[in-house]
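Since the structure comes first, as structure tokens, the remarks are kept for the end.
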Amino acid sequence: MPQTEAKGAGSRGISESLTSPIRPRWWTELPLILLVYGAYSAGRLLARGDVTTAVDHGLDLLRVEKALNLNLEHPLNRLFTAHTSIGVPADFWYASLHYLVTPLVLVWLFRSRAVHYAAARTWLMVSTLIGLVGFTLMPTCPPRLLDAKHGFVDTMAQYSDWGWWGGQASAPRGLGGMTNQYAAMPSLHVGWSLWCGVVLWRYGRTPLMKTLAIAYPLLTTVVVMGTANHYFLDAVAGAVVMGIGLLLVRPVQGAAARVRARLRPIVTTALAARRAEGPADATPAPAATDSSIVSAGCQTSAGERIPHQRKLGTDPGGKPAAKPGGKPCGNKGARPAGRASDTGDSAQTPARGAART
């Protein structure tokens with residue numbers, strides 16, 4: 001179960017906006033995360049853009065980087081291409097870790113730092129949706145898809161025999177058409193790794209956590225450039241997107257709280273009305289009264305367990321009822337009233353008198 005920290009723990013968080021006193025529940029978190037990721041994946045497919053426009057945007061980024069002396073992609077790509085021992089692990093890193101590490105950090109945060117989870121999850125989701133806007137507005141051809149004269153080699157295609165991917169990015173063979181290969185700007189590989197690094201650095205308590213917090217985003221940045229999947233400016237844009245998402249955490253959480261406050265009375269009223277109506281086929285239960293209970297032809301009055309219990313002079317437990325003075329009611333050996341023999345004797349008395357006459 002998630003562990004809840006003190007409500008005042010916000011002073012120790014990344015910022016005050018990254019704490020929440022609300023304890024999350026996995027059965028609400030999992031559908032929400034799947035919904036956002038599904039919308040992100042579908043949006044990437046829809047935001048394919050024009051190939052010519054995407055290539056132009058890629059070449060524009062190269063020209064800007066050369067003007068700023070930021071041409072880091074070429075030397076890294078040559079290194080990854082020349083050395084299988086570097087290129088293959090890098091391809092596995094690019095194809096899988098962002099799908100594994102990010103959910104693992106989310107689960108770890110959910111279980112061990114629940115007071116910070118909701119805001120950190122909001123930060124990740126808002127940034128991801130901002131990245132989707134970037135894919136739509138600026139479709140960008142990655143370096144590996146540029147003409148060979150620009151000097152880039154697609155390491156994913158070169159080492160495709162080593163993994164499950166083919167020549168179409170990190171998608172499994174035959175499923176390349178289900179991914180948008182022109183969604184390079186911004187690099188959410190870098191953005192998500194930066195999110196993981198910040199969370200691990202702030203909330204991790206061991207030297208290993210601190211080391212991973214630094215190494216993971218840095219190595220991811222090197223991998224995306226060395227595999228020719230992103231430009232350096234794509235990585236910078238990924239970091240900028242995460243910064244914007246962090247600034248929007250508090251406004252988004254405030255808006256969500258206002259929506260919940262407005263919906264709560266409506267939901268409460270609807271549930272109360274449904275409980276008041278009850279099931280459609282319910283029949284009213286018989287009211288409890290002190291009337292006699294009739295069973296198997298015998299009638300018992302209220303407070304009796306057997307017919308004629310009060311006439312028999314016994315208490316509910318079957319013992320003779322005591323008089324106020326403490327003696328049992330009735331004569332010892334007297335025949336109980338109401339028995340069939342009593343009725344028979346009284347009926348025979350007039351007949352005996354008639355016989356004497």
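When all heavy atoms of Trp192 and Leu124 are compared, the closest pair comes out as CD1-CD1, 3.6 Å. Taking all atoms of both residues into account, the shortest heavy-atom contact from His230 to Ala183 is CE1-O, 4.3 Å. Shortest non-hydrogen contact noted between Met185 and Asp234 is CE-OD1, 3.1 Å. The minimum heavy-atom distance between Pro143 and Tyr231, with the atom names listed, is CG-CE2, 3.4 Å. For the pair Ser187 and Val224, the tightest heavy-atom approach, listed with the atom from each and the gap, is OG-CG1, 4.4 Å. The heavy-atom pair separating Gly134 from Pro186 by the smallest distance is CA-CD, 4.2 Å.
Gln158 contributes atom CD, which lies 9.0 Å from atom CG of Asp154 (distance to the nearest 0.5 angstrom). Atom CG of residue Leu109 and atom NE2 of residue His116 lie 8.0 Å apart, to the nearest 0.5 angstrom. Residue Arg205 holds its CZ atom at 7.5 Å from OG of Ser112, rounded to the nearest 0.5 Å. Distance check, rounded to the nearest 0.5 Å: OH of Tyr203 to CZ of Arg113 gives 9.5 Å. Here the OG1 atom belonging to Thr140 is positioned 11.5 Å from the CG atom belonging to Leu145, to the nearest 0.5 angstrom. The CD1 atom of Ile130 sits 14.0 Å away from the CE atom of Met125 when rounded to the nearest 0.5 Å.
The residue from Asn229, Asp91, Thr227 that alone fulfils the side chain to side chain donor-acceptor pair (under 3.5 Å) condition with Thr155 is Asp91.
In this structure, a donor-acceptor pair under 3.5 Å is present between the side chains of Asn71 and His74. Judged by distance alone, the side chains of Thr102 and Trp195 never bring a donor and an acceptor atom under 3.5 Å apart. With no hydrogens or angles considered, no side-chain donor-acceptor pair links Thr84 and Trp162 at under 3.5 Å.
Ring geometry, His189 versus Tyr94: the interplanar angle falls under 30°, so the pair is classed parallel (tilted spans 30 to 60°).
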